[in-house]
Amino acid sequence: MSDSTTNHPTLAELRHTAAHVLAYAVQDLFPEAKPTIGPAIENGFYYDFDRAKPFTPEDLERLTARMREIVAANYPMTGEQVTRAHAIERFAGNPYKAEIAREIPEGEPITLYTIGEFTDLCRGGHAHTTGAIGGSTLTSVAGAYWRGKETNPMLQRIYGTAFPTQAELDAYLVQLAEAHKRDHRKLGVELDLFTVEEEAGGGLIFWHPKGATVRGIIENFIRDGLRDRGYQPVVTPHIVSEKLYEISGHLQNYQANMFGPIEVEEQRFRLKPMNCPGHILIFKSRLHSYRELPIRYSEFGTVYRYERSGVLHGLTRVRGFTQDDAHLFCTPEQLQFEFEQTLDEALRLMEAFGFTDFEYFLSTRSAAERGETDPIAEDAIRRALESHHLPYQIDEGGGAFYGPKLDINVRDAIGRKWQLGTVQVDFVLPGRFGLKYRAADGHDHTPVMIHRALAGSMERFFGILVEHFGGAFPAWLAPVQAVVVPIGETQLEYARDVAERLRPHGFRIEVDESNEKLGYKIRHWKTQKVPYVLVVGKQEMADGSVNVNERGSETKRTVTVDEFAQELRQKTETRAS
RNA sequence: GCCGUUGUAGCUCAGUGGUAGAGCACCUCAUUGGUAAUGAGGAGGUCACGGGUUCAAUCCCCGUCAACGGCUCCA
């Protein structure tokens with residue numbers, strides 16, 4: 001790094017500078033706390049301190065006030081290069097800093113940076129002065145292990161964020177509030193979509209009628225795609241003999257994520273953590289000719305994986321979930337085409353659900369796991385990405401234990417990233433299970449497998465959709481598409497009649513039979529984010545119409561029931577947003 | 001699992017060492033109201049659970065459980 005401080009700092013440099021400012025403030029107010037490391041991160045920065053007592057929210061307030069003074073003082077950030085011996089001596093009272101100084105490779109410069117009365121061992125990359133920080137705030141405290149290792153001492157981590165201007169900080173805080181409003185856990189309760197029940201245990205999802213309705217629509221969409229691309233449905237058990245997972249390698253490679261054994265009549269069973277072994281057994285149950293390939297088995301397969309209680313989170317990190325899973329068995333020659341078809345289908349799915357911003361990761365197996373087929377598998381993935389002109393990043397060692405994979409991440413409506421689909425190439429499991437097909441040469445050959453889940457898990461996909469749409473599902477997805485609201489009791493029969501005329505079209509229609517005033521009823525359904533409220537009063541009853549109050553629109557219009565049906569049909573068929 | 005925070009009505013939250021409150025939601029009655037909250041009444045709580053201190057604990061202390069924020073970001 002040639003220039004370690006700059007007049008036009010990047011956001012990361014600015015935030016790294018803010019981390020120094022925080023450490024300075026901590027040095028002033030809590031001199032006993034030992035600073036360790038404090039990098040910039042995606043949405044701000046943190047700094048870890050070794051201190052016996054945790055920081056309280058009041059401590060954060062005091063620190064924020066002190067940081068403001070340090071920023072206002074506009075201290076210049078000055079750097080100096082020192083010898084290793086000097087650095088180690090300088091931080092003799094701080095074993096963490098001393099450890100870092102000792103570990104800096106020979107030949108790399110060791111630098112100290114100072115603002116005001118605070119000097120830190122630091123690689124550099126800062127704003128020129130503390131005054132460059134226009135807006136900064138501390139957000140939370142958390143425990144964190146030194147260097148992320150559970151066996152190391154726990155430090156106190158303070159999180160914060162910083163921006164060049166106060167206005168940008170304010171905008172960020174507004175975005176945080178927006179994210180909070182869209183939180184699928186909150187909307188899940190408010191819109192009666194799903195719950196996690198304490199009596200049942202964490203990480204297990206109860207889908208209420210409205211959530212299950214949306215899930216059904218998503219599943220139908222996926223099923224249509226599977227049918228069109230020649231997949232066959234299969235169904236496999238949730239619990240099978242442990243022996244199956246010995247053969248597959250899951251017991252050796254995946255045990256930490258599996259629920260423990262269940263013993264029945266001296267046989268050990270396991271809840272399935274993945275669907276592939278089951279699908280493999282179906283493939284293996286009889287001989288296959290090369291003429292049958294590719295064989296594509298699909299299943300909405302529910303799997304159970306052990307996750308530590310502390311990491312469970314709403315619908316996005318759970319212990320039981322259903323994958324839109326499928327396994328393709330093909331010849332090596334067919335691999336490339338099948339992989340590309342799968343990628344096409346993944347893109348069709350995500351675009352239909354309103355995602356436009358994607359990131360692709362090619363995850364390879366770790367050096368220890370790699371075999372001679374890995375380059376072939378990786379090449380298939382790379383060629384598929386390149387033929388689609390899709391940019392991608394490489395995640396080394398992030399692959400499945402049986403092979404490399406392509407992961408697709410999306411950005412939602414407020415810019416957050418989520419991992420959705422995964423497509424994996426597997427030369428390993430077919431061999432382990434002794435899978436064969438009879439080739440044109442009359443000999444048996446081992447097929448190649450593709451594992452793929454495009455939505456990933458129904459739970460996670462649904463949770464992401466809830467946040468993406470902020471609970472306001474487009475008409476084709478909404479659990480209730482329209483509510484017929486009579487103004488007074490005398491229109492109730494007519495309202496029911498309207499609903500009965502719409503339902504045969506397959507529309508999801510409710511009638512508001514409550515004894516409330518019109519304004520109340522409108523408000524209720526608006527807060528429930530129903531796409532259409534159909535108001536019917538004397539006039540509408542007289543001419544067989546409905547007054548359409550559409551979500552997101554101020555204008556009302558009166559149309560016949562048939563006209564409305566046509567409009568809703570059109571929106572549903574085109575999956576209009 | 002580990003660190004921190006929080007557990008009071010279905011939800012959001014007040015509150016006190018002397019047996020518990022509001023708003024919304026729910027139920028009943030009146031009202032039949034033309035586009036985001038009609039009025040009145042009612043029901044609803046082992047104050048997360050277990051132990052301790054105290055004449056007395058929802059409140060203080062200890063433990064357990066759960067939820068939430070983190071525990072990947074490397075001077």
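First the proteins, then the strands, lettered A, B, ... as listed; each starts at 1.
For C122(A) and V533(A), each mapped to the nucleotide of RNA chain B holding its nearest heavy atom, the one lying further toward the 5' end belongs to V533(A). Between V535(A) and R308(A), it is R308(A) whose nearest contact on RNA chain B lies nearer the 5' terminus.
Residue P109(A) is classed as a base contact, given a heavy-atom separation below 4.0 Å to a base. At a threshold of 4.0 angstrom between heavy atoms, the contacts of T490(A) with the nucleic acid are absent.
The nucleotide G4(B) finds its pairing partner in C68(B), both defining distances of the Watson-Crick or G-U wobble pair being shorter than 3.5 Å. Pairing partner, G39(B): C29(B), with both Watson-Crick or wobble hydrogen-bond distances short of 3.5 Å.
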Check nucleotides 2-7 of chain B for protein N or O atoms closer than 3.5 Å to its own N or O atoms and list the pairs.
from	atom 1	to	atom 2	distance (Å)
C2(B)	O4'	Y145(A)	OH	3.3
C2(B)	O2'	Y145(A)	OH	3.2
C2(B)	O2	Y145(A)	OH	3.3
C3(B)	O2	G143(A)	N	3.2

Quick test: give all pairs of protein nitrogen or oxygen and nucleotides 24-30 of chain B nitrogen or oxygen below 3.5 Å, distance rounded to 0.1 Å.
from	atom 1	to	atom 2	distance (Å)
A25(B)	OP1	Y520(A)	OH	2.6

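Taking the six-membered ring where the residue is Trp, F401(A) and H250(A) present perpendicular rings, their angle passing 60° and hence far from 30°. Using bins of under 30°, 30° to 60° and over 60° for the plane-to-plane angle, the ring pair Y172(A)/F163(A) lands in the tilted bin.
Less than 6.0 angstrom separates the ring centroid of F30(A) from the ring centroid of F55(A).
Residue R123(A) places at least one side-chain N or O closer than 4.0 Å to OP1 or OP2 of A75(B). For C71(B), the OP1/OP2 oxygens have a side-chain nitrogen or oxygen of Y159(A) closer than 4.0 Å. For the pair R15(A) and C73(B), the criterion of a side-chain N or O lying under 4.0 Å from OP1 or OP2 is not met.
Atom CZ of R551(A) and atom P of A36(B) are 17 Å apart (whole Å).
Cation-pi geometry between R157(A) and Y145(A) is not satisfied (NZ or CZ under 6.0 Å from the ring centre, within 45° of the ring normal).
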